Number of protein chains: 2
Amino acid sequence: MAVDTEDAGARRTRRDVQRNMERVLQAAQELFAERGPDVKMEDVARRAGVGIGTIYRRFPSKEQLFAAVSAVACQHTRHCLAQAADDAHDPLEKLRAIILAQYRQSARQAALIDLRPDPSGVPPDLDRPGLYASIHTLLARVIAAGQRQGSIRSGDAQMLAAICLELLSPRTVQNLSRLADDDVDAAADQVVGFLTAGLRS
Amino acid sequence: MAVDTEDAGARRTRRDVQRNMERVLQAAQELFAERGPDVKMEDVARRAGVGIGTIYRRFPSKEQLFAAVSAVACQHTRHCLAQAADDAHDPLEKLRAIILAQYRQSARQAALIDLRPDPSGVPPDLDRPGLYASIHTLLARVIAAGQRQGSIRSGDAQMLAAICLELLSPRTVQNLSRLADDDVDAAADQVVGFLTAGLRS
DNA sequence: GGCGAAGCGGAAGTGAAATTCCGCTTTCGC
DNA sequence: GCGAAAGCGGAATTTCACTTCCGCTTCGCC
């Protein structure tokens with residue numbers, strides 16, 4: 001953030017610094033998405049085309065690097081989902097749009113960070129709970145709207161939103177997409193069908 | 001397995017050995033469930049109340065320890081779910097029973113091993129795919145039966161089963177249970193409602 | 001109770017990955 | 001173009017968890 005701002009009299013941020021940080025974030029984001037949080041810093045450096053030291057100049061630890069990556073990716077996800085919801089009018093349509101957006105997002109390997117509350121304690125630097133909550137809130141609102149309007153059955157909107165959200169977790173998206181021959185749209189459709197109709201005939 | 005069998009003329013298995021192995025498996029199972037596969041062997045040893053060497057005497061590596069733990073837990077889960085399905089008559093009832101069984105299981109901290117196919121490659125010693133498949137098959141069969149009988153809407157039974165299974169993953173069970181004030185039965189009920197009725201009113 | 005086999009604990013060894021450090025290079029402002 | 005400040009690369013260091021090893025203890029049998 002704020003890479004271009006400068007104090008009076010201070011030198012402008014060097015061009016190469018900005019370029020390198022972008023490369024590092026990009027590489028980290030890709031590798032994190034591809035292989036989970038256990039990637040080696042060396043690999044990140046290699047893919048970014050920089051030395052390890054360069055990473056550590058801006059990100060004091062691996063954890064903080066991934067917190068930064070996650071924050072960016074999640075901001076982006078949040079934005080996409082909100083956008084999708086805005087573009088649709090009917091609550092059920094909004095839900096469909098959100099799901100589709102998330103599935104397409106994952107297909108592009110972006111946004112693969114799992115935001116769900118992590119029972120294994122040790123909260124990292126990243127404000128996962130907050131990011132999770134913001135998406136959860138979005139869903140809960142849409143569902144509540146549907147309930148008021150009558151198109152969605154009554155029930156604890158928080159819980160219904162949480163259940164939907166589980167079907168949007170990166171892992172789930174990947175699993176289901178694979179089962180649909182990597183056709184994410186098809187997978188999303190199935191989930192939407194499940195969501196709206198349930199199993200009963 | 002087969003801890004009590006003995007070759008002719010061989011000394012009986014020492015009592016302490018059996019006791020220790022049980023403690024180790026118990027501790028490993030708890031910790032694995034609580035904190036995922038990144039627990040330290042030292043922690044397992046401490047919780048089990050034995051030295052690290054004792055673990056290594058029977059389990060040549062961390063991976064094999066967890067394979068053993070997983071195998072036991074999954075066998076158990078599989079058995080419980082199959083049992084639950086058997087006890088019910090109607091396919092929808094079977095599904096309800098399966099879900100409830102899994103939620104109760106998780107509440108007891110058992111069976112928290114995530115069997116879903118892991119995209120991050122490197123298949124461990126444990127036959128996760130096989131264990132996952134066996135539960136997936138169980139679900140798919142129940143769903144297909146419901147479809148034949150007419151109580152479940154038509155659609156790709158494999159995919160529907162996979163979606164259900166996602167809602168049974170340990171992480172999901174934990175998240176949703178927490179949201180229901182740790183009342184697993186309530187959480188399971190919500191999921192069942194979602195499953196059978198969907199969102200539409 | 002005594003003997004020997006088997007098991008135990010946990011300190012030391014090992015290896016892989018994270019992090020530091022510093023001489024060399026690049027960039028910016030003039 | 002030049003000088004200084006900032007950044008860079010990556011070898012060396014540190015850290016940290018897995019695994020080994022061996023002197024001491026416990027168990028089962030007679």
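Below, all heavy atoms of this structure are taken into account, side chains as well, without hydrogens, waters or symmetry copies. Throughout, a chain's letter reflects where its sequence line sits, starting with A, and its residues are numbered from 1. These numbers were taken from a predicted model, which means no experiment stands behind them.
More than 12 heavy atoms of other residues, nucleotides or ligands shown are found within 6.0 angstrom of CZ on Arg23(A). The environment of Arg47(B) atom CZ is dense: over 12 non-hydrogen atoms of other residues, nucleotides or ligands sit within 6.0 angstrom.
One can place CD of Gln64(B) at 13 Å from C1' of dT19(D), the figure rounded to the nearest angstrom. The distance from atom CG of Leu65(A) to atom P of dA18(C) is 11 Å, rounded to the nearest whole Å. Distance Arg12(B) CZ to dG7(C) C1': 16 Å, rounded to the nearest Å. Arg19(A) has its CZ atom 15 Å from the C1' atom of dC28(C), to the nearest Å. Atom CD1 of Ile55(B) is separated from atom C1' of dG7(C) by 14 Å (rounded to the nearest Å). Following rounding to the nearest Å, Tyr56(A) (OH) and dA6(D) (P) show an atom-to-atom distance of 24 Å. The nearest whole Å value for the distance from the CZ atom in Arg23(A) to the P atom in dG7(D) is 17 Å.
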Output one letter per nucleotide in nucleotides 8-17 of chain D: B when a protein non-hydrogen atom lies under 4.0 Å from the base, S when only the sugar-phosphate is that close, - when neither is.
BBB------S
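Between Arg96(A) and Glu93(A), at least one side-chain N (NZ, or NE/NH1/NH2) sits under 4.0 Å from a carboxylate O, which counts as a salt bridge. Taking a cutoff of 4.0 Å between a charged side-chain nitrogen and a carboxylate oxygen, Arg46(A) and Asp43(A) qualify as a salt bridge.
Panel note: side chain Lys94(A), backbone Ala88(A); a donor-acceptor pair is recorded below 3.5 Å.
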Would you check, one step at a time, whether the test side-chain contact (heavy atoms from CB on, under 4.5 Å) holds for Gln29(B) with Phe66(B)?
CA-CA 8 Å; Gln29(B) 125 87 247; Phe66(B) 285 129; over 6 Å; no
Would you sort out whether Thr172(B) and Glu166(B) count as a side-chain contact (heavy atoms from CB on, under 4.5 Å), showing the intermediate values?
CA-CA 8 Å; Thr172(B) 298; Glu166(B) 292 295 327; 5.9 Å; no
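Going from atom OG of Ser151(B) over to atom CG of Leu92(B) covers 4.5 Å, rounded to the nearest 0.5 Å.
For the helix from dG1(C)-dC30(D) to dC30(C)-dG1(D), the end axes, each set by the C1' atoms of five terminal pairs, are bent relative to each other by 30° (nearest 10°).
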